Amino acid sequence: MSDPSAKPPAELRSPSGARYAVIASRWNGEIVDELVAGARRAFAAHGVSDDGIDVVRVPGAWELPLVAKRLAASGRYAAIVALGCVVRGETRHYEHVADESARGLMRAALDSGLPVLNGVLAVEDEADAWARAGGAHGNKGADVALAAIEMAALLQELSA
């Protein structure tokens, strides 16, 4: 069995015919739109046609896990990418949303056996978010899309 994870990202290819779902929060929409654009570019660069990507919008990061669980149960996807942005404010709401969204996404993955990748930024301020949405720290949407492809390839290999 070959090890798809050993391939450099430039050589990584999506399994033939694999479909991906991108669930994107509308909260902090401009930032999330950049994450979605980064994910689309990464998918395209690694063999996924635009027709192989379904983008589903949800109100905020809190709603991502429920939709991830529903999409995972559909059996249509090789992996699911969840994208959002939670910015720390003056209350504990930030911790609740970021932590429970992450916990729910992990639960969706473990319950379904399908990769559900967490691309929800949990940042101190808007500048930190932009740095991770195509700025100094790259585009985390692209990073998560690459992880989705890698996991889809690995699980396909393990099933063979």
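Position 1 is the first residue of the sequence; numbering continues from there. All of these numbers come straight from a predicted model, not from anything done at the bench.
At least one donor-acceptor pair under 3.5 Å links the side chain of Arg132 to the backbone N or O of Asp128. In this structure, the side chain of Glu63 engages the main chain of Gly60 through a donor-acceptor pair within 3.5 Å. At least one donor-acceptor pair under 3.5 Å links the side chain of Ser101 to the backbone N or O of Ala61. For the pair Asn139 (side chain) and Ala142 (backbone), a donor-acceptor distance under 3.5 Å is present.
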Considering only distance and modelled atom types, tabulate donor-acceptor pairs under 3.5 Å from the side chains of residues 117-124, sequence neighbours left out.
residue: Asn118; atom: OD1; partner: Val120; partner atom: N; Å: 2.9
residue: Glu124; atom: OE1; partner: Arg88; partner atom: NE; Å: 3.0
residue: Glu124; atom: OE2; partner: Arg88; partner atom: NE; Å: 3.0
residue: Glu124; atom: OE2; partner: Arg88; partner atom: NH2; Å: 3.2

List the atom pairs, with distances to 0.1 Å, where a side-chain N or O of residues 71-86 and a protein N or O form a donor-acceptor pair under 3.5 Å, not counting sequence neighbours.
residue: Ser74; atom: OG; partner: Leu71; partner atom: O; Å: 2.6
residue: Ser74; atom: OG; partner: Arg76; partner atom: N; Å: 3.3
residue: Tyr77; atom: OH; partner: Asp54; partner atom: OD2; Å: 2.6

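For residues 36-48, every residue pair satisfying the salt bridge (Lys or Arg N to Asp or Glu O under 4.0 Å) rule, not counting sequence neighbours, is listed here: Arg40-Asp50.
Put simply, Leu110 and Leu105 are part of two different groups of oily side chains (I, L, V, M, F, W, Y) that touch within less than 4.5 Å, one to the next. Val67 and Val116 fall within the same hydrophobic cluster, defined by Ile, Leu, Val, Met, Phe, Trp and Tyr side-chain heavy atoms under 4.5 Å apart, directly or through other members. In the hydrophobic cluster analysis, where Ile, Leu, Val, Met, Phe, Trp and Tyr join through side-chain heavy atoms closer than 4.5 angstrom, Val48 is grouped together with Leu12. In terms of hydrophobic clustering, with Ile, Leu, Val, Met, Phe, Trp and Tyr side chains grouped at heavy-atom distances under 4.5 Å, Leu114 and Met106 are assigned to different clusters. Residues Leu66 and Val97 are members of separate hydrophobic clusters, defined by side-chain heavy-atom contacts under 4.5 angstrom among Ile, Leu, Val, Met, Phe, Trp and Tyr.
The minimum heavy-atom distance between Val32 and Ala24, with the atom names listed, is CG1-CB, 3.8 Å. Closest of all the heavy-atom pairs between Ile31 and Ala129 is CD1-CB, 3.5 Å.
The ring-ring contact (aromatic ring centres under 6.0 Å, His included) search around Tyr20 returns Phe43, not counting sequence neighbours. Shown here are the side-chain hydrogen bond (donor to acceptor under 3.5 Å, both in side chains) partners of Arg57, two or more places apart in sequence or in another chain: Asp33. For Arg103, the side-chain hydrogen bond (donor to acceptor under 3.5 Å, both in side chains) partners at least two apart in sequence or on another chain are Glu100.
Separating the CD atom in Glu150 from the NE2 atom in His46 is a distance of 10.5 Å, to the nearest 0.5 Å. Note that CZ of Arg19 and OG of Ser49 are 7.5 Å apart. Values are rounded to the nearest 0.5 Å. Going from atom CZ of Arg13 over to atom CD1 of Ile149 covers 8.0 Å, rounded to the nearest 0.5 Å. Expressed to the nearest 0.5 Å, how far CG of Asp111 lies from NZ of Lys69 amounts to 5.0 Å.
By the neighbour-count criterion of 12 heavy atoms within 6.0 Å, atom CD of Glu95 is densely surrounded, having more than that number from other residues, nucleotides or ligands. In this structure, His93 places its NE2 atom where only 12 or fewer heavy-atom neighbours from other residues, nucleotides or ligands lie under 6.0 Å away. Applying the 6.0 Å contact sphere to CH2 of Trp130 captures more than 12 heavy atoms from other residues, nucleotides or ligands.
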